[in-house]
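Proteins come first, then strands; the chains are lettered A, B, ... in the order of their sequence lines, and each starts at number 1.
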Amino acid sequence: MSLCPIKYLSSTFFDRPTEVVARNLLGKMLVRILFTKLGKTERLSGIIVETEAYGSKNDPASHAYRGISPRNVSMFGQVGRAYIYFTYGNHYCLNVCARSNRLEAGAVLIRALEPVEGIGRMEIFRKSNDVFSLTSGPGKLTEALDITRRFDGEDMTNPQNILHIEHGLDPSNVVKTARIGISRALNKKWRFVIGGEIEGRLSKYASRRTYRHFD
DNA sequence: TCGATGATTGAG
DNA sequence: TCAATCATCGAA
């Protein structure tokens, strides 16, 4: 008889400074449970290879900078829960609420995954067979895993839930840079990416457009 | 109510 | 490099 390993992340994992959580989320597994027509379940999953931290009043680039609103309530709620928003009229972005108890809001944007389970299903959702473009961006991975705002507020620490995070392997090599796609607070190095096989490179599954952005 | 903006993406 | 596309938010 073997002991069942603890797969989920406890909420204390997310109860730390947002940038620390962002760094430590690398290597973890994002899991989406899909229910098929025949009543069966299917797992879509991937290793988190790229994240960004967003704060509140301390961070002009954050959605929470100007306080609470209907869109960003999840950034002010319980840590470990999903904050999902719609942007550019096309895409959903997935975050996990995370902050030390000194801040009033915070979240970690999940920017890219290395696909693991359910790749065939992701290819259908994405209408693409290129494994390197399936989940290599925040808007791509939500499309690949069929994640929309209907999961906003989901408790991602509960492994029973449709959307949750499980333990994985800790990366040996992590690159830290400024965040992508923002115009303010460019001084903060709050983007974290798993390094590639070649020294000085990023994971092949990191967001493409930003492949060369690092210091 | 109105206009500007955006934590993006795919095509050219 | 650029347009698509629309929810959100602050200003009027």
Side-chain angles (χ1 to χ4, degrees), chain A residues 14 17-23 25-26 30 46 48-77 79 81-99 103-113 115 122-153 156 163 175-194 202 204-214:
Chain A
F14 299 97
T18 312
E19 64 275 22
V20 172
V21 177
R23 162 64 182 79
L25 233 24
L26 295 179
L30 176 66
I48 297 170
V49 301
E50 180 177 348
T51 59
E52 281 176 1
Y54 286 89
S56 55
K57 290 196 170 101
N58 59 333
D59 181 10
S62 173
H63 288 170
Y65 183 61
R66 293 172 191 283
I68 197 166
S69 72
R71 176 174 71 160
N72 68 15
V73 284
S74 293
M75 288 187 78
F76 293 76
V79 298
R81 290 179 179 256
Y83 165 48
I84 302 167
Y85 66 89
F86 184 64
T87 193
Y88 287 105
N90 284 298
H91 311 287
Y92 292 94
C93 291
L94 170 67
N95 299 251
V96 190
C97 181
R99 60 176 184 276
L103 290 182
E104 58 169 359
V108 174
L109 172 68
I110 298 179
R111 287 190 58 89
L113 307 175
M122 295 186 202
E123 290 174 340
I124 294 169
F125 283 136
R126 287 277 296 131
K127 301 181 180 70
S128 164
N129 292 320
D130 177 6
V131 72
F132 294 113
S133 83
L134 247 30
T135 54
S136 54
K140 295 180 188 178
L141 71 91
T142 52
E143 186 174 54
L145 272 54
D146 186 30
I147 295 168
T148 67
R149 194 158 156 85
R150 69 190 187 283
F151 298 131
D152 183 65
M156 297 183 72
L163 198 57
V175 179
K176 185 178 170 182
T177 79
R179 293 169 292 180
I180 302 301
I182 55 170
S183 54
R184 290 179 288 187
L186 294 168
N187 57 317
K188 285 182 173 13
K189 302 279 197 307
W190 280 0
R191 173 179 177 236
F192 302 88
V193 191
I194 291 186
L202 304 183
K204 287 183 174 182
Y205 299 93
S207 55
R208 301 295 203 95
R209 197 162 249 108
T210 57
Y211 201 71
R212 288 184 198 73
H213 278 221
F214 51 97

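Here B:dG10 is the nucleotide among B:dG10, B:dT8, C:dG10 with the atom lying nearest to any side-chain atom of A:Arg126. Comparing C:dT5, B:dT9, B:dA7 by their closest approach to the side chain of A:Asn90 singles out C:dT5.
A sub-4.0 Å separation between OP1 or OP2 of B:dT5 and a side-chain N or O of A:Arg71 is absent. In this model, the phosphate group of B:dA7 is approached by a side-chain N or O of A:His63 to a distance below 4.0 Å at OP1 or OP2. Between A:Lys127 and B:dG10 there is no side-chain N or O to OP1 or OP2 distance below 4.0 Å. Residue A:Thr87 has no polar side-chain atom (N or O) positioned under 4.0 Å from OP1 or OP2 of B:dG6. An OP1 or OP2 oxygen of B:dA7 is reached within less than 4.0 angstrom by no side-chain nitrogen or oxygen of A:Arg191. Look at A:Ser183 and you'll find a side-chain N or O under 4.0 angstrom from OP1 or OP2 of B:dG6.
Atom-to-atom, CG of A:Leu109 to P of B:dG6 comes out at 16 Å; the value is rounded to the nearest Å. Atom pair A:Arg184:CZ and B:dA7:P shows a separation of 9 Å (rounding to whole Å applied). Rounded to whole angstrom, the span from the CG atom of A:Asn129 across to the C1' atom of B:dG10 amounts to 16 Å. In this structure, A:Lys140 atom NZ and B:dA11 atom P are separated by 10 Å, rounded to whole Å. Taking atom CZ on A:Arg111 and atom P on B:dT9, their separation rounds to 7 Å, with Å as the unit. The distance between atom CD1 of A:Ile180 and atom C1' of B:dT9, rounded to the nearest whole Å, is 14 Å. For A:His91 and C:dA4, the NE2 to P distance is 14 Å, given to the nearest whole Å. Atom CZ of A:Arg179 and atom C1' of B:dG6 are 15 Å apart (whole Å).
Between the side chain of A:Ser62 and the backbone N or O of A:Gly55, at least one donor-acceptor pair lies under 3.5 Å. The main-chain N or O of A:Gly153 is found under 3.5 Å from a side-chain atom of A:Arg81 such that the two form a donor-acceptor pair. A distance-only check finds a donor-acceptor pair linking the side chain of A:Asn58 to the backbone of A:Ser56 [under 3.5 Å]. Remark: the backbone N or O of A:His63 is paired with a side-chain donor or acceptor of A:Asn72 at under 3.5 angstrom.
Looking at heavy-atom distances under 4.0 Å, A:Ala107 makes no contact with the nucleic acid at all. Backbone-only engagement by A:Ile182 is indicated by non-hydrogen atom pairs under 4.0 Å involving sugar-phosphate atoms exclusively.
Applying the Watson-Crick and G-U wobble criteria (two distances, each under 3.5 Å), B:dA7 pairs with nothing in any strand. Across all strands shown, the partner of C:dG10 is B:dC2, judged by Watson-Crick or G-U wobble contacts whose two distances both fall under 3.5 Å.
Counting distance only, with no hydrogens placed and no angle test, the side-chain atoms of A:Tyr85 and the base atoms of C:dA7 include no donor-acceptor pair under 3.5 Å.
Where stacking is scored as ring centres under 5.5 Å apart with planes under 30°, A:Tyr88 does not register as stacked on the base of C:dA4. Ring-base stacking between A:Phe86 and C:dA7 is not satisfied when judged by a centre separation under 5.5 Å and a plane angle under 30°.
Remark: A:Arg71 is positioned above the aromatic ring of A:Tyr85, its terminal NZ or CZ atom under 6.0 angstrom from the ring centre and at most 45 degrees off the axis.
Residue-environment remark: OH (A:Tyr65) stays at or below the threshold of 12 foreign heavy atoms within 6.0 Å.
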